[in-house]
Each structure stands twice: as C-alpha cells, then as structure tokens.
Amino acid sequence: MKKSLVIGANGQIGSDLVLGLANRLGQENLIASDVREGNHGEVHFELLDILDADRLKQVIEKHNVGTVYLLAALLSATAEQKPMFAWKLNMEGLFNVLELAKEGTIEKIFWPSSIAVFGPTTPRDNTPQTTVMEPTTVYGISKLAGERWCEYFWNKFGVDVRSIRYPGLISYKAEPGGGTTDYAVDIYYKALQQGKYECYLEDNTYLPMMYMEDAIKATIDLMHTDKEKIKIRSSYNLAGISFSPVEIAKEIQKHIPDFTISYAPDFRLAIANSWPKSINDTRAQEDWGWKNSYELDSMTEEMLKGLKEKLG
Ligand code: NAD
Ligand code: AKB
C-alpha cells in the first residue's frame, strides 16, 4: 500500500487530519511533515519545506508516497501582512505537488481552498457553487488561482486533485494560524481563561464556520470517494454552521453565564465583510454524500470540554 503524506502537519488542520488519517489508514501508512519540527506520536515525521521541490520528491520516493495532503499556506490575515511571500508559498507549493502528480510520482492530491475565493460582488447568502468570484484579499486571489490550476491539471493531464472550499474551522488541538475566522476559536480560550473576549469583528458579522471533526470527515470522505463521482475539480463548496460573534457569545454564556464580549474591529472586519455569510453545498451533498453533524450548541459543548482538558 502506498503511503499518504501530510504537508503542513503541525498546523490547525494538520494536527487533526494526521489523527483522522492514522485511524483510517493505520499510522504506519502515514507520514507527517512540516517546515517546523513536530511530534505526531507514532506517525513518522519529516522536516520538509514545500518550496524545496527536490527535497519534496526525495521524501515522496523514500517513503513510497501515493497521496499528498498539501496544507502549507499563509492564511488571510497573515497574507495581507506578507503579500508577496503569501503568493509565493501558496502558489509554488501547489505547483511543486501538481508537477509531481503530472509526471506520475504521486497518484492523488488533496489541496484545500477556502470561502476566501469569493468577494464583495458574490451573493453573500447561500452562496452557490458557481457564481461571481472577485476576491479582494491576497489569500483569496491565491486560492482562486489555485482552484483554476487544479482544474487545469485535471483537464489537461488527468491529475487526480480534489479540493474543498473550507469555511472557518473551529478546533482545540492546535491554535489557528492567522486567519480572519480565528476569533471563533480564540473566544473559547478567553472565555475559559479570562471570562471576557474583545472581538476584532462586529457583533453581527456572519461567517460560514465548521467544527474540525466535520471538516476532517469531509476531507477523508472526499479522498476516498470513487474517482468518477468527483464532478468538480476546482473545489467543492462545503457548509457547516453560520453564526455571528454575538450568537457564539450567547451560546458560551449558557455554560459560563458571566462571560462578556466587547468589540474593537480592525482590518479583519473588511476581509470578513467581503466573504459569504452562508454557503450552498448541494453539489458536495449530491456527488459524495456530504452532511455536517455539528451545530453551534454541540460544537460549543465539545470545544469547552476539550479546552478545559487541554488547559487543565
Ligand atoms: P496553519 O497556518 O495552522 O498551518 C499551516 C502549517 O503549514 C503550519 O504548521 C506551518 O508551519 C506549515 N508551513 C508553513 N510554511 C511551510 C512550508 N514552506 N513548508 C511546509 N510547511 C509549511 O493553517 P491551517 O489552518 O491548518 O490551514 C491549512 C490549509 O487549509 C491552508 O491551505 C489554508 O488556506 C486552508 N484553509 C484553512 C481554513 C481554516 O479555517 N483553518 C479554512 C479554509 C482553508
Ligand atoms: C481564514 O480566515 O483565513 C481561514 C479561511 C476561511 O480560509 N480560516
């Protein structure tokens, strides 16, 4: 059996995806890698910079890797601070992996896109799979370009690349890495640690979000769906829960009644306001049977329970 390689394994998604894939495939069939040293228990770890194409090929050949999950990227808020580097990392990293699939060194790729591919001219409610896409962030532009390249490599060279437009992901194992939706993770930490939270968005800023367990299930399901069923080779819309800061705060108050939230919007508000409020994921439901499990209440229970254990 060929192995799977997770690139960017130490990040918010990678930390959970490595565990999910180890359960599904067996830890001996998985390699975790990152540009930073990491510890993934019994799963073998390799130090790997995705921008180093030679080293990437070496790791893939050394471990007989057939499938790559490429998670290394700069997210929306960080990318606005380092636009040229974000473009380089997000695009060249993808090309390095696509080229290896084109030459037959690997067989299958997962590459995540984002709701950031949409922009202010996109319909914001129940955003369709196919619609106007004029992103105004560096991150969104890189993700939209990446989607186009994925579809191109599938059409031209038959590269089996699969993708999801993740909403903002909420989890407690690893902290988020510099996105606009990170508030919906930070708020749980601050609720437990300080009993209060200052939010960089406005009270009624709605964004599409999802609990990590749902996102990992979607990713693994998509990657194990028969090839013929994957009809979209750019990236699938995926919906979970849509809520605003005031709504998540009210949910937390059910568990921590004295919790308070205040607002001090910064540059991330403009990013959030350029993104959808809710997503239509009919195509993912039809093509590969996607359905989310977590709602705001069940996610809040899991987040508070998981974080209490983590923070001691
Ligand atoms: P993250 O920032 O938490 O993790 C990224 C990881 O990549 C980090 O561990 C980092 O050390 C590593 N990395 C950075 N540069 C690297 C390099 N040159 N070579 C190898 N590794 C490198 O990000 P995440 O939240 O886990 O996101 C993973 C992917 O999912 C990204 O493509 C992101 O755009 C996408 N995504 C994430 C979300 C979300 O809410 N987390 C939503 C939509 C899309
Ligand atoms: C971000 O906020 O940048 C990410 C994303 C939605 O892509 N969480």
Side-chain angles (χ1 to χ4, degrees), residues 5-18 31-40 45-53 55-56 59 68-82 85-86 88-94 96-97 109-118 127 135 137-147 150 163-171 173-186 200-201 205 207-212 214-216 218-219 235-240 242 267-272 274-276 279:
L5 169 68
V6 179
I7 301 171
N10 297 353
Q12 192 198 3
I13 299 177
S15 303
D16 279 283
L17 184 61
V18 168
I31 309 292
S33 73
D34 202 287
V35 75
R36 300 177 283 138
E37 276 297 351
N39 183 350
H40 295 269
F45 180 84
E46 289 278 352
L47 207 54
L48 170 65
D49 181 346
I50 187 57
L51 296 177
D52 184 344
R55 167 91 179 121
L56 173 65
V59 168
V68 168
Y69 293 80
L70 172 55
L71 304 179
L74 283 201
L75 278 74
S76 58
T78 317
E80 290 305 303
Q81 316 301 326
K82 300 177 191 169
F85 180 69
K88 183 179 169 69
L89 176 64
N90 295 6
M91 299 314 302
E92 277 182 31
L94 176 59
N96 286 345
V97 177
I109 301 169
F110 177 78
W111 172 82
S113 185
S114 161
I115 53 162
V117 291
F118 301 113
T127 301
T137 60
V138 174
Y139 176 67
I141 295 168
S142 75
K143 288 293 181 188
L144 180 55
E147 285 192 8
C150 286
S163 178
I164 286 170
R165 290 173 184 153
Y166 288 134
L169 300 182
I170 296 162
S171 65
K173 288 199 184 74
E175 291 186 32
T180 301
T181 58
D182 292 9
Y183 94 84
V185 177
D186 296 344
Y200 53 78
L201 303 180
T205 312
L207 283 169
M209 302 278 192
M210 180 177 287
Y211 189 51
M212 188 62 85
D214 274 339
I216 299 303
T219 307
S235 192
Y236 277 97
N237 271 12
L238 201 70
S242 281
F267 73 100
R268 289 168 283 190
L269 178 62
I271 299 178
S274 76
W275 289 353
I279 298 288

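As the structure lists them, so they are numbered: ligands from 1, and atoms in each ligand from 1. Because only heavy atoms are used, hydrogens play no part in the values below, and waters and symmetry mates are left out as well, while side chains stay in. Start at 1 with the first residue, then count along the sequence.
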**Student:** Give a yes or no on whether the backbone of Gly178 and the side-chain of Thr78 come within a donor-acceptor separation of less than 3.5 Å.
**Tutor:** yes

**Student:** Distance-only, no hydrogens or angles: does the Asn96 side chain make a donor-acceptor pair with backbone N or O of Gly93 under 3.5 Å?
**Tutor:** no

**Student:** Give a yes or no answer on whether the side chain of Asp16 reaches the backbone of Lys173 with a donor-acceptor pair at less than 3.5 Å.
**Tutor:** no

**Student:** How close do Ala174 and Gly11 get, heavy atom to heavy atom, and via which atoms?
**Tutor:** CB-O, 3.7 Å

**Student:** Return a yes/no value for Tyr139: is any of its N or O atoms, backbone included, closer than 3.5 angstrom to an N or O of ligand 2?
**Tutor:** yes

**Student:** Taking 4.0 angstrom as the limit and counting only heavy atoms of Pro167, give me the atoms of ligand 1 inside it, by number and element.
**Tutor:** 40 (O), 42 (C), 43 (C)

**Student:** Among protein heavy atoms, which sits nearest to atom 23 (O) of ligand 1, and what does the distance come to when rounded to 0.1 Å?
**Tutor:** Leu75 CD1, 3.4 Å

**Student:** For the pair Asn10 and Phe45, evaluate side-chain contact (heavy atoms from CB on, under 4.5 Å) and give the outcome as yes or no after the intermediate values.
**Tutor:** CA-CA 10 Å; Asn10 297 353; Phe45 180 84; 3.7 Å; yes

**Student:** Pull out every atom of ligand 1 sitting under 4.0 Å from any heavy atom of Ser113, numbered as shown with elements.
**Tutor:** 43 (C), 44 (C)

**Student:** For ligand 1, which atoms sit closer than 4.0 Å to a heavy atom of Leu48?
**Tutor:** 19 (N), 20 (C)

**Student:** Applying a strict 4.0 Å limit to heavy atoms, is Gly93 in contact with ligand 1?
**Tutor:** no

**Student:** Below 4.0 angstrom, N of the basic side chain to O of the carboxylate: do Arg268 and Glu80 qualify?
**Tutor:** no

**Student:** Starting from atom 3 (O) of ligand 1, find the nearest protein heavy-atom neighbour and note its residue, name and distance.
**Tutor:** Gln12 N, 2.8 Å

**Student:** Mind telling me whether Tyr200 and Tyr183 have parallel, tilted or perpendicular rings, with 30° and 60° as the class edges?
**Tutor:** perpendicular

**Student:** Between Ile13 and Tyr69, does a side-chain contact (heavy atoms from CB on, under 4.5 Å) hold up when you go through it step by step?
**Tutor:** CA-CA 11 Å; Ile13 299 177; Tyr69 293 80; over 6 Å; no

**Student:** Under a 4.5 Å cut-off applied to non-hydrogen side-chain atoms, are Phe267 and Gln81 in contact?
**Tutor:** yes

**Student:** What protein heavy atom sits nearest atom 10 (C) of ligand 1, and how far away is it?
**Tutor:** Asp34 OD1, 3.5 Å

**Student:** Name the closest protein heavy atom to atom 36 (N) of ligand 1, giving the residue it belongs to and the distance to 0.1 Å.
**Tutor:** Tyr139 OH, 3.6 Å

**Student:** Indicate yes or no for a side-chain donor-acceptor contact from Glu37 to the backbone of Leu47 under 3.5 Å, with no hydrogens or angles considered.
**Tutor:** no

**Student:** Check each atom of ligand 2 against the heavy atoms of Leu75 and keep those under 4.0 Å away; list them by number with element.
**Tutor:** 3 (O), 4 (C)

**Student:** Nearest protein heavy-atom contact for atom 19 (N) of ligand 1: which residue, which atom, what distance?
**Tutor:** Ile50 N, 2.9 Å

**Student:** Quick one: look up the protein heavy atom nearest atom 18 (N) of ligand 1 and list residue, atom name and how far away it is.
**Tutor:** Asp49 OD1, 2.8 Å

**Student:** Tell me whether Gln12 contacts the main-chain N or O of Leu169 through its side chain, where contact means a donor paired with an acceptor under 3.5 Å.
**Tutor:** yes

**Student:** Answer with yes or no whether Lys143 contacts ligand 1, where contact means a heavy atom under 4.0 Å from a ligand atom.
**Tutor:** yes

**Student:** Heavy atom of Gly179 under 4.0 Å from ligand 1?
**Tutor:** no

**Student:** May I ask you to list the atoms of ligand 1 that are less than 4.0 angstrom from any heavy atom of Gly168?
**Tutor:** 40 (O)

**Student:** Search all heavy atoms of Leu71 against all heavy atoms of Leu17 and return the closest pair with its distance.
**Tutor:** CD1-CD2, 4.0 Å

**Student:** May I ask you to list the atoms of ligand 2 that are less than 4.0 angstrom from any heavy atom of Trp275?
**Tutor:** 1 (C), 2 (O), 3 (O), 6 (C)

**Student:** I need the contact type for Ser76 against ligand 2. Using non-hydrogen atoms and a strict under-4.0 Å cut-off, is it side chain, backbone, both or neither?
**Tutor:** both

**Student:** How close do Ser33 and Leu5 get, counting heavy atoms only, and between which atoms?
**Tutor:** OG-CD1, 3.8 Å

**Student:** So which heavy atom on His40 is nearest to which on Ala9, and how close?
**Tutor:** CE1-O, 3.1 Å

**Student:** Could you tell me, atom by atom, which parts of ligand 2 come under 4.0 Å of a heavy atom of Thr180?
**Tutor:** 1 (C), 2 (O), 3 (O)

**Student:** Any chance you could measure Asn90, atom CG, to Trp111, atom CH2, to the nearest 0.5 Å?
**Tutor:** 8.0 Å

**Student:** Measure the distance from atom 5 (C) of ligand 1 to every protein heavy atom, then report the residue, atom name and distance (to 0.1 Å) of the closest one.
**Tutor:** Leu71 O, 4.1 Å

**Student:** So, regarding Pro176 and ligand 1 (criterion: nitrogen or oxygen to nitrogen or oxygen, under 3.5 Å), is there a contact or not?
**Tutor:** no

**Student:** May I ask you to list the atoms of ligand 1 that are less than 4.0 angstrom from any heavy atom of Ser114?
**Tutor:** 43 (C), 44 (C)

**Student:** For ligand 1, does Leu89 get within less than 4.0 Å through its side chain, its backbone, both, or neither, judged by non-hydrogen atoms?
**Tutor:** side chain

**Student:** Would a distance-only check, ignoring hydrogens and angles, find a side-chain to backbone donor-acceptor pair under 3.5 Å from Thr180 to Ala272?
**Tutor:** no

**Student:** Taking heavy atoms and a distance under 4.0 Å, where does Ala174 meet ligand 1: side chain, backbone, both or neither?
**Tutor:** neither

**Student:** Could you list which atoms of ligand 1 come closer than 4.0 Å to a heavy atom of Pro112?
**Tutor:** 29 (C), 30 (O), 32 (O), 35 (C)

**Student:** Tell me: protein heavy atom nearest atom 40 (O) of ligand 1, and distance?
**Tutor:** Leu169 N, 2.9 Å

**Student:** Would you mind listing which atoms of ligand 1 come within a distance below 4.0 Å of any non-hydrogen atom of Asn10?
**Tutor:** 9 (O)

**Student:** Quick one: does Ser15 get a heavy atom under 4.0 Å from ligand 1?
**Tutor:** no

**Student:** Taking only heavy atoms of Gly177 into account, list the atoms of ligand 1 that are under 4.0 Å away from them.
**Tutor:** 2 (O), 3 (O)

**Student:** Any donor-acceptor pair under 3.5 Å linking the side-chain atoms of Ser163 with those of Ser113?
**Tutor:** no

**Student:** Which residue holds the protein heavy atom closest to atom 8 (N) of ligand 2, what is that atom called, and what is the gap in Å?
**Tutor:** Thr181 OG1, 2.8 Å

**Student:** Using a strict 4.0 Å cut-off to heavy atoms of Ser114, name the atoms of ligand 2 that fall inside it.
**Tutor:** 5 (C), 6 (C), 7 (O)

**Student:** As an exercise, identify every atom of ligand 2 less than 4.0 angstrom from a heavy atom of Gly179.
**Tutor:** 1 (C), 2 (O), 3 (O)

**Student:** Which pair of non-hydrogen atoms, one from Leu70 and one from Pro112, has the smallest distance, and what is that distance?
**Tutor:** O-CD, 3.0 Å

